[in-house]
Amino acid sequence: MSFFRPEILAMDGYTPGEQPQAGKFIKLNTNENPYPPPAGIRRAIEEVLDRGLQRYPDPMGNAFRARAAELYKLPGKEWVLCGNGSDDLLTICTRAFVGAGELLRLPYPSYILYRSLAQIQGAKWQEVRFNDDWTLPAAFGDPAEGLKLVFLPNPNSPTGTMVSREAILELADRLPCPLLVDEAYGDFAEFNAIDLIQQNEKIMVSRTLSKAYGLAGLRFGFLLAQPQMIEQLIKVKDSYNCDAFAIAAATAAIHDEAWQADNRRKIVATRGRLVAGLEKLGFVVIPSQANFVWCDHPTRPARPLYEALKAQKVLIRYMNYPGWKDGLRISVGTDEQTDVLLSLLGSLV
Ligand SMILES: *Cc1c(COP(=O)(O)O)cnc(C)c1O
């Protein structure tokens, strides 16, 4: 006899990438930014401390919403919803749109968390395989019985590949439900879907400060969508889902457009260096628009490579996608970290 809902007992639970809390690792396994965040966040956090923490934070994070609307050229803050990391927004959307027994769709291979969200909700999920060229088959946009929400990571994880803006518009036209474009890596990509939310209320875009702003430890993400969508989602979120430090630091961070542009330039340049180095060692690398790459080697199995690197204090991600393949997902670090990784790999292959 168990106290838990059968859905909970039946699920494995999502396992995030390893976060060693001790030991000096070169950490290239969870797509964090290797550079320190914009300097302005220190001041913002100190101001919160000076004001004191006796009071609850602004439940909506309006300072951030106003700045984000300005930055992304949206009509107003009503188009923005703050979250405790973008995972919080994915949870809010799953809870708001998908009832028990209803259907959530996601591409395969993609972000494993989506499946866990469906499981917790007691919902069904349907994985649709990407085509070999990383476009989506027409079936991804087909209506289906009980279909209530579609997740599309763009750039995709673990591949770093992208679906075009035209494809997103067409999907939204054909689907009977919202299409959440998860742009956790959107800041590193050549294009994004943010302006498309104004064309179709079904298109929603989620973003995070974890990857592109070097703030994974802060926990802050946001969702961009039409105001009538945001208005309903507000009912589902925790009243104070973002703390005062997170709201203040996130607002300061997105003010620093120069930091963002410089960081993006560095990451994209090092990504090129990483890809060239891997290919020189015989790895097959999928062209990526994110701050990581997926690769495998025609003759060297992936898992022992991961283990050998870990033994030498370099952490990358070994992933196995049944029905597709296993391989390595490697985050883009600094040039120095990348060179250490490549030289170790050179002695292993
Ligand atoms: C990292 C990641 C997220 C979640 O980021 P948060 O740290 O919760 O903001 C969401 N989607 C994808 C595809 C990711 O890789």
Side-chain angles (χ1 to χ4, degrees), residues 14-19 27-34 37 41 61 64 68 80-95 104-118 120 125 127 130 134 136 149-163 168 179-189 192-194 204-224 237-238 241-243 245-247 249-251 253-254 267 271 286 288-294 315-317 319 321 328-332:
Y14 175 72
T15 315
E18 296 163 87
Q19 308 296 352
K27 199 167 171 306
L28 304 174
N29 68 327
T30 47
N31 304 340
E32 291 135 321
N33 204 300
I41 70 156
F64 180 89
V80 184
L81 181 65
C82 301
N84 182 25
S86 60
D87 285 350
D88 184 30
L89 297 157
L90 304 177
T91 302
I92 291 169
C93 287
T94 307
R95 292 169 68 192
L104 188 150
R105 179 179 289 160
L106 52 144
Y108 189 81
S110 75
Y111 191 34
I112 313 284
L113 177 76
Y114 303 145
R115 190 196 316 169
S116 306
L117 295 176
I120 294 167
W125 67 94
E127 295 173 328
F130 277 105
W134 300 105
L136 285 166
L149 179 62
V150 175
F151 282 134
L152 177 63
N154 210 41
N156 184 42
S157 175
T159 58
T161 53
M162 284 192 88
V163 169
I168 289 169
L179 171 65
L180 197 160
V181 184
D182 177 349
E183 293 191 350
Y185 304 101
D187 291 286
F188 304 107
N192 63 62
I194 289 178
M204 306 187 296
V205 171
S206 66
R207 290 245 162 166
T208 175
L209 273 67
S210 297
K211 279 60 183 248
Y213 285 90
L215 289 170
L218 186 73
R219 310 307 302 136
F220 196 92
F222 55 101
L223 183 84
L224 305 172
K237 80 178 191 75
D238 289 345
N241 59 332
C242 300
D243 66 59
F245 292 123
I247 296 167
T251 308
I254 64 165
I267 297 288
R271 183 177 70 203
I286 299 178
S288 168
Q289 291 203 32
N291 67 335
F292 58 84
V293 299
W294 174 275
L315 210 48
I316 61 173
R317 191 88 177 255
M319 297 178 114
Y321 285 88
L328 302 172
R329 198 193 66 185
I330 306 176
S331 311
V332 177

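Values below: all heavy atoms of this structure, side chains included; hydrogens, waters and symmetry mates excluded. In listed order, ligands and their atoms are each counted from 1.
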> How would you list, by chain and number, every residue that makes a salt bridge (Lys or Arg N to Asp or Glu O under 4.0 Å) with K237, sequence neighbours excluded?
Replying inline: none
> Is it the case that K27 and T30 place a side-chain donor and acceptor less than 3.5 Å from each other?
Replying inline: yes
> Between D182 and Y111, do the side chains contain an N or O donor and an N or O acceptor separated by less than 3.5 Å?
Replying inline: no
> When rounded to the nearest 0.5 angstrom, what distance separates CD1 in I330 from CG in L328?
Replying inline: 5.5 Å
>> Quick test of your reading: applying salt bridge (charged side-chain N to carboxylate O under 4.0 Å, His left out), list the pairs with at least one residue in residues 85-95, sequence neighbours left out, ordered by first then second residue.
In response: none
> If you count only heavy atoms, which residues are under 4.0 Å from ligand 1?
Replying inline: G85, S86, D87, Y111, D182, A184, Y185, T208, S210, K211, R219
> In chain order, what residues pass the ring pair (Phe, Tyr, Trp, His ring centres under 6.0 Å) check against F130, with sequence neighbours excluded?
Replying inline: W134
